[in-house]
Q: 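Mind having a look at this structure? Questions to follow.
These values consider heavy atoms only, across backbone and side chains, with no hydrogens, waters or symmetry-generated copies. On a predicted model such as this, the values are computed, not experimentally measured, just so you know.
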There are 2 protein chains.
Amino acid sequence: MPRYVPPLRDMQFVLHELIQVTETFKEIPAHAEVDVDTVNAVLEEGGKFAAQVVFPLNRSGDEEGCTHDKATREVRTPAGYPEAYAKYVEGGWPSLSCDPAYGGQGLPHVVNQCFYEMLNSANQAWTMYPGLSHGAYEALHAHGTPEQKATYLPKLTSGEWTGTMCLTEPHCGTDLGLLRTKAEPQADGTYRINGAKIFISAGEHDMAANIVHLVLARLPDAPAGSKGISLFVVPKFHVEADGSLGARNGIFCAGLEHKMGIHSNATAQLVLEDAVGTLVGEPHKGLQAMFVMMNAARLGVGMQSLGLTEVAYQNAVDYAKDRLQMRALTGPKAKDKPADPIIVHPDVRKMLLTARAYAEAGRALCVHTALMLDKELSHPDADVRREAADEVALLTPIVKAFLTDNGWIATSACMQVFGGHGYVREWGMEQYVRDARINMIYEGTNTIQSLDLLGRKVLADNGKKLKAFGRRIAEFAEDAGVREDMQEFINPLADLGDKVTKLTTELGMKAFGNADEVGAAAVDYLRVVGHLVFAYFWARMAQVALDRIQADGDAVDPFYRAKLHTARFYFAKLLPETASLIRTARSGPASLMAMDESLF
Amino acid sequence: MPRYVPPLRDMQFVLHELIQVTETFKEIPAHAEVDVDTVNAVLEEGGKFAAQVVFPLNRSGDEEGCTHDKATREVRTPAGYPEAYAKYVEGGWPSLSCDPAYGGQGLPHVVNQCFYEMLNSANQAWTMYPGLSHGAYEALHAHGTPEQKATYLPKLTSGEWTGTMCLTEPHCGTDLGLLRTKAEPQADGTYRINGAKIFISAGEHDMAANIVHLVLARLPDAPAGSKGISLFVVPKFHVEADGSLGARNGIFCAGLEHKMGIHSNATAQLVLEDAVGTLVGEPHKGLQAMFVMMNAARLGVGMQSLGLTEVAYQNAVDYAKDRLQMRALTGPKAKDKPADPIIVHPDVRKMLLTARAYAEAGRALCVHTALMLDKELSHPDADVRREAADEVALLTPIVKAFLTDNGWIATSACMQVFGGHGYVREWGMEQYVRDARINMIYEGTNTIQSLDLLGRKVLADNGKKLKAFGRRIAEFAEDAGVREDMQEFINPLADLGDKVTKLTTELGMKAFGNADEVGAAAVDYLRVVGHLVFAYFWARMAQVALDRIQADGDAVDPFYRAKLHTARFYFAKLLPETASLIRTARSGPASLMAMDESLF
C-alpha cells in the first residue's frame, strides 16, 4: 500500500525561504497579520487531514467508484467519502481562503493552494468534490446579485453545500459557442432551463445537502456563438426564503462516465428538465464570468498533477531503496545482501529525480503564481494588482499544461521504478498514472493552453507580459551572475532566456504571414517557456541552498544539499529538452498541413 | 466503439516494395516457394480473423477480465475468448511459422510477425494466450529431448495446448539469479518442483486442454546466482505414453493480478506443489535456453506496441475528421458546418502524424528484423546466418524499447485527440494507453533493454554490430545521396549517423573510467540509435515513394504521396528529439549519483 507524508519542509522552504510570502502579506491589509507560524500551523494540520482522513480512501475509492441509481437518479460515492467530507466541513477547511463576509477565514489563496496540493496527493478524485465548489464560489462572489450571494456564499463557504461548473455538452467541449442548453425567462424573474450537460465533475453525489450548479445556457434572444451565452445558478434543491431547502429542482443525473481514472469522482451526465435558475451577471456575458472560474480552476489542475507527482515520487523512492535486484555497475554496494537496492542504478535515480525536480520546481511555481493571485485580488495598489494580474494570466497556462504534462511523465517514471509491480493495482502506482492523465485534458486541453499562451498571452500583446517576466529573470541573473558558484545555473538560464526572446520574435513575425505557425509551434513553445520558468526557480532555489551551505558549513541541514543536487540534475538532464523543442517549434506548419485530409 | 482495418496496403508496401522479402526467401530453400501472392493471401485472411473474430472481444474482455476460482484454482477467461481461440486453432493459425516436422506450415517468421501485428491491434490481451506458446515452442524446439519434442511440439503447433514462460518470482524479476524454486531429481529421471512464480502471462485459463509451462528452477547442487538455474517443462496435465492427458500435475493458480491493463490476459500467481517436470537442455544452463525464448518474445512485445499504435491512430483519425469544434486558425474550412473538423488544427495533425510516423517506421523495422531472424534461423550460408544473428541481436532491444516507448507516446497522443471522450472507456482509446503501458515493463524493462544495447550489444564487441548496421546506412546514403530530391532525407540521416559514431566512441572511452557512464547514458542512447534506424527506414521509404511519384505522375496512387508527407513530418518533428537526447546522454552520471541515498 502506498504511503504519503506531507512535504511540509519543502513547502516551508518555498513559502518562507524562497518566496517569503509573509513579506508580501504585509503589503496586503487583509493578510497583514498572517505570519510564518500561522501558515505553518495551518499546513501542518491540513497535512494531517490529507494524510489521515483522505489518503486512506484513495485506493478503495478507486476500486469501488461511484454508483448511479437509474430510478432515483441519485449517486452514491464510495464508502467513507461522505464521512471524510463531513470531517472536512467540521474542521472548517472549506472556508480557508473564503471571504470573512460570508463566514470565511480570509487566509491568502497561496495557503489554500498548498493545502490543496496535499489533498491532491492524498486523493485527487475526492478532492475534486470540494475543489469544484471554489469555482462556483468565485463566480458568485464576483458576479452574483446580493440575494444570490446571501443565499449561496455562506453555505459554499462552510462546505454544507458544494458547487459545480456545467459547461460541456455532448457536441461541445472546447468550443462553447456551440452550446444549446436553453433558458427561458419567467414572469418572476427566474429562468426555466432545458438541456443536457456532460462531463460534470462532482455533478451529483451524496456528500452534501445541496449542490449549487453554475450552468451556461442560451437566452431566447441570444446571438449565435460564444457571445450569446449566459450564466445561471441552478441549485439541486430550491432554497426557501428562510434559507431552508425546498423542493427538488429539475436538474438530474442521467448517468456517470466510466473513466480511465478518478473513478471515485462522479463525472455526471446532467439533464435539465425545466430546471429553475437565476441569472448570474449580465445576459450573454456568461463566458466572461465563467472564465474567472476557469482560470482559478486551471491553477487547481496544475496543483493536482503536482500532488500526484509528489506522492508518486515518495513511493518510488521507498521502493527503490527497498527492492534488491542486480548489482551496481560499479560493483556491489550492499555486500551483506543478495543484491543491491535498485536505487544504486543511474537510470532508476534518473526516474526518481525527474519526478523530484518536477515536483519541487512545480511547487515553487504554484506558490509564486498563487501569491500573485493574492496580489491581483487583494493588493491595495491598482498598479500592483494590474501587474500581478498580467503575470497570473501569463503563468496560468504554463501551470496548467507544463505541470500536467510533467505529472504524466513523472508518475509514469515512478511507476516504471516498480517494474511489473508498478502495473499491478495493489501497489497504487498505476492509479497515479491513470488519475494524472485527465489533468492534460480537462479545463481546456493542453493544446488549448498552449494556444492561449502563445496566441493570447504572448503575441496578442506584443510580448508585454512575457517581457515583464523576462525582466524578473534578467534582474535575478544580473544579481546572482556575479557569483562564481552560481555560474552553472545562471549561464544556461540566461542562454535560454535569450533563445526564448529570439524564438518569440521569430514566431510573431511568421504568424503575421500564416496563423498556422502559432498552432504548429504552440505546444513546443509552451514547454520551452515552462523550462525557462523552472530554470529560473531552480537557479533561485540553488542560490538559497548555496547560501545556507556556505553559512552553516558541515552542520548544514542536508535538506539544502539535496536541493542543490536536484538543481544540478535539473540543469543536466531535464532542461536540455529545450534544444529539441526549439527546433521543432521553429520547423513550422508545412510538414503538418501539407497532407490532404483524405490521405490520413 | 473503435474500429480496426488491417493495414494490408502498408504491409504490402513494406514487405514487397521496401524490403522485397521474397528476394530473400529465394535464398532460403525452406522458403524459396513463398511468393508475393502467398504472403498477401495469408495476411489478408489473417487480417480478417483479427478484425472479425478477435477485435470485437477487445473491449468486452477488458471490462470483464478473468476470474479465478479460489476453490478449484481454475481461471475463466472472458466471454467469447475460448470460442475465438477454438476458431484460431481450427483455422490453423498457430502453426503458421512452425516446423513442418511437427505439423507446422513452415512459413517465414516475417509473415507470422505481420499477422501478430494485426492480432495485437485487434486485442493484445487475447493475443498473449497464443503468443506465449511460441516461446515454449521455441525453447523445446531448440533444447528439448526427442521425447519432449514428440510429446509437446505437435500440440503446441496445432494450438491444442498453449505454453508459458515461468521466470519471475516475488523477489526476483530482472535479477533471475535470485530465484528460489527448487527441483529435486527423482529416480525415474523426472524432477519434483516446488516454489512460487508470479506475473505468469496466460498462466492459467480455459482456452486449451493443456498448458505447457516452461519453468526455471534450481537443482539441489546448483551454484548460487544465475549460473545455477535450470529449465524444466511442467505440463498442467501429465501426458500419457499414448499422448492422452493424464492426471493433474501439481502446478496451480493461486491468484490473478489486478492490473492497469491487459485485463483479459490472466497474469497468474502459480504455485508448484511437488509438480513433476523434465529437464530441458543441460543442468544449470536454463537461462541460456530461456534467452532464446526471450529474444523472440522481445520482438513480439515491440510488435504489440506497433499494433496498438496502428489501431489508436486509425480511430483518432476518424474522430479528428468527424468532430466539429472551433474554426481553423487560418479561417473557416467547413463553411457549411457550425465548426471545422478538428483535423484542420496543426497540433491535432501533429498528434496523428506522430502515431502514423511511428507506426509506419516501426512496421518497416519489425519486418526487417523478422526477415533477419528468418535468415539467422534458416539461411544455408553460415556467414549470412552469423551476420543476420548479429543484426537481430543489435536490433532486438531497439524494437522492444523504442517501439514500446513510442507506443506509449502515440497511444496517449491519439487519446488526447479525443479530448474528454478519450478518457472515457466507451470510446476505447484509454484502453490502448493502459494496455500499451505494460510493454515498457515486461520481457525486461526498457532500462534493461538500453543496458543490453549499449553495454552488451555495442560496447562489449567494440561496436562491431553497430558498425555493420552503419555500413548499411552509409551505402544507402552513398547511393541515394546523389539525388537532389533525396537531400532533405539523406543529409539529416548522415549527420545523425556521424553523431552516433562520435557518441558511441565517447561513451566507450568514458565507460572505461566509470561503469555508471553506461547506466546514465543508456536510455537516451537507445532512443538516439532508434531514431537513426527510423531515419534510415523513413529515407528509404521516401525514396520508394519519390520513385513512384516520378514514374506515375498525376496518376500516382495517393498512398505514395502520404508516405512522402509522413517522411517529411518525421524529419521535421520527431527526429529533432535526438538533439536533446545526445546532450543528456553526454552529460554523464555525476548529477545522478552525487546525491546520497538518504537524501532521496
Q: Relative to chain A, which segment of B:Met351 carries a heavy atom at a distance below 4.5 Å: side chain, backbone, both, or neither?
A: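 Just the side chain, heavy atoms under 4.5 Å.
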Q: Please classify the contact between B:Val348 and chain A as side chain, backbone, both or neither, with a heavy-atom cut-off of under 4.5 Å.
A: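 When you check distances to chain A, no heavy atom of B:Val348 falls under 4.5 Å.
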Q: Quick one: list whatever passes salt bridge (charged side-chain N to carboxylate O under 4.0 Å, His left out) with B:Glu63, sequence neighbours left out.
A: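 For B:Glu63 the salt bridge (charged side-chain N to carboxylate O under 4.0 Å, His left out) partners, ignoring immediate neighbours, are B:Arg59, B:Arg425.
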Q: Is it the side chain or the backbone of B:Arg437 that comes within 4.5 Å of chain A heavy atoms, both, or neither?
A: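 It is both, since atoms from each part get that close.
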Q: What residue in A:His565, A:Arg586, A:Glu426 has the most heavy-atom pairs under 4.5 Å with chain B?
A: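 When all of A:His565, A:Arg586, A:Glu426 are compared, A:His565 has the most.
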Q: Under a 4.5 Å cutoff for heavy-atom pairs, which residue among A:Glu577, A:His345, A:Arg561 has the most contacts with chain B?
A: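 The candidate making the most pairs under 4.5 Å is A:Glu577.
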Q: Checking heavy atoms, do the side chain of B:Arg583, its backbone, both or neither come under 4.5 Å from chain A?
A: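 The answer is the side chain of B:Arg583.
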Q: For chain A, which candidate among B:Phe199, B:Phe559, B:Phe569 shows the most heavy-atom pairs at distances under 4.5 Å?
A: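 Most heavy-atom pairs within the cutoff with chain A belong to B:Phe199.
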Q: List in chain and number order the residues that pass salt bridge (charged side-chain N to carboxylate O under 4.0 Å, His left out) with A:Lys573, two or more places apart in sequence or in another chain; answer none if no residue qualifies.
A: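 Once residues adjacent in sequence are excluded, A:Lys573 has no partner under the salt bridge (charged side-chain N to carboxylate O under 4.0 Å, His left out) criterion.
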Q: Out of curiosity, A:Thr566 OG1 to B:Phe600 CZ, how far, rounded to the nearest 0.5 Å?
A: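 Spacing of OG1 (A:Thr566) from CZ (B:Phe600) equals 7.5 Å.
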Q: Using non-hydrogen atoms only, which part of B:Val523 is less than 4.5 Å away from chain A: side chain, backbone, both, or neither?
A: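 The side chain, not the backbone.
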Q: Could you measure the distance from the CG atom of A:Leu451 to the CG atom of B:Asp347? Nearest 0.5 Å is fine.
A: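 Reported to 0.5 Å precision, the distance equals 7.5 Å.
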Q: Identify the heavy atoms of B:Gln325 and A:Leu178 that sit nearest to each other, and give their distance.
A: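 Between these two residues, the closest heavy atoms are NE2-CD1, 3.8 Å.
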Q: Could you tell me which non-hydrogen atom of A:Arg349 sits nearest to which non-hydrogen atom of B:Met595, and how far apart they are?
A: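 Residues A:Arg349 and B:Met595, closest heavy atoms: NH1-O, 2.9 Å.
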Q: Return the CZ to OG distance between A:Arg568 and B:Ser591, rounded to the nearest 0.5 Å.
A: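 Here the interatomic distance stands at 10.0 Å.
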Q: In terms of heavy-atom pairs under 4.5 Å, which option from A:Pro338, A:Gly519, A:Gly588 contacts chain B the most?
A: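 It is A:Gly519.
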Q: Within the 4.5 Å heavy-atom criterion, are A:Arg434 and B:Val433 side-chain neighbours or not?
A: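 No; the side chains remain at least 4.5 Å from each other.
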Q: Measure across A:Pro346 and B:Asp516 and return the closest heavy-atom pair with its distance rounded to 0.1 Å.
A: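 Taking A:Pro346 first and B:Asp516 second, the nearest heavy atoms are CG-OD1, 3.5 Å.
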Q: Can you give me the closest heavy-atom contact between A:Gln416 and B:Thr445, atom names plus distance?
A: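 Scanning both residues completely, I find the closest heavy atoms to be NE2-CB, 3.8 Å.
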Q: Is chain A contacted by the side chain of B:Tyr570, its backbone, both, or neither, given a heavy-atom distance below 4.5 Å?
A: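 For B:Tyr570, neither part sits under 4.5 Å from chain A.
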Q: Quick check for you: to the nearest 0.5 Å, what is the distance between A:Tyr423 atom OH and B:Thr267 atom OG1?
A: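 Answer for the OH-OG1 pair, A:Tyr423 versus B:Thr267, is 8.0 Å.
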Q: Side chain, backbone, both or neither: which part of B:Arg323 has an atom under 4.5 Å from a heavy atom of chain A?
A: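 Looking at B:Arg323, just its side chain touches chain A.
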Q: Got more than 12 heavy atoms from elsewhere within 6.0 Å of CZ, B:Arg9?
A: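 It does: B:Arg9 CZ has more than 12 such atoms within range.
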Q: What residue, out of A:Leu353, A:Leu329, A:Thr330, A:Ile438, has the most heavy-atom pairs lying under 4.5 Å from chain B?
A: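 If we count pairs closer than 4.5 Å to chain B, A:Ile438 comes out on top.
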Q: Do you know the tightest heavy-atom contact between A:Ile441 and B:Gly419?
A: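 In terms of heavy atoms, the two residues are closest at CG2-C, 3.4 Å.
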Q: Do A:Glu597 and B:Lys321 make a side-chain contact, defined as non-hydrogen atoms from C-beta onward lying under 4.5 Å apart?
A: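 The answer is yes; the side chains approach within 4.5 Å.
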Q: For each of A:Ala328, A:Pro170, A:Gly331, tally heavy-atom pairs with chain B at distances under 4.5 Å, and name the one with the top tally.
A: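 Maximum pair count with chain B is reached by A:Pro170.
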Q: Roughly how far apart are B:Ile198 CD1 and A:His421 NE2, rounded to 0.5 Å?
A: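 Answer rounded to 0.5 Å: 4.0 Å.
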Q: Go through the atoms of B:Ser412 and report whether side chain, backbone, both or neither lie under 4.5 Å from a heavy atom of chain A.
A: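 Both parts, backbone and side chain.
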Q: At a heavy-atom distance under 4.5 Å, which candidate from B:Ala224, B:Ala522, B:Gly173 has the highest pair count against chain A?
A: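 Top count of heavy-atom pairs under 4.5 Å with chain A: B:Gly173.
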Q: With a 4.5 angstrom heavy-atom cut-off, is it the side chain or the backbone of B:Trp408 that approaches chain A, or both, or neither?
A: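 Side chain only.
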Q: Can you tell me how far apart CG (A:Leu564) and CG (B:Leu599) are? Round to the nearest 0.5 Å.
A: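 Answer for the CG-CG pair, A:Leu564 versus B:Leu599, is 11.0 Å.
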Q: With salt bridge (charged side-chain N to carboxylate O under 4.0 Å, His left out) as the test, would you mind laying out the steps for B:Lys350 and A:Asp524 before giving the verdict?
A: CA-CA 11 Å; B:Lys350 190 179 172 196; A:Asp524 296 330; 2.9 Å; yes
Q: Among B:Ala594, B:Pro341, B:Ala590, which residue has the highest count of heavy-atom pairs closer than 4.5 Å to chain A?
A: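 It is B:Ala594.
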Q: Among A:Leu574, A:Val518, A:Val317, A:Ile448, which has the most heavy-atom pairs under 4.5 Å with chain B?
A: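 Of the candidates given, the most pairs with chain B belong to A:Val317.
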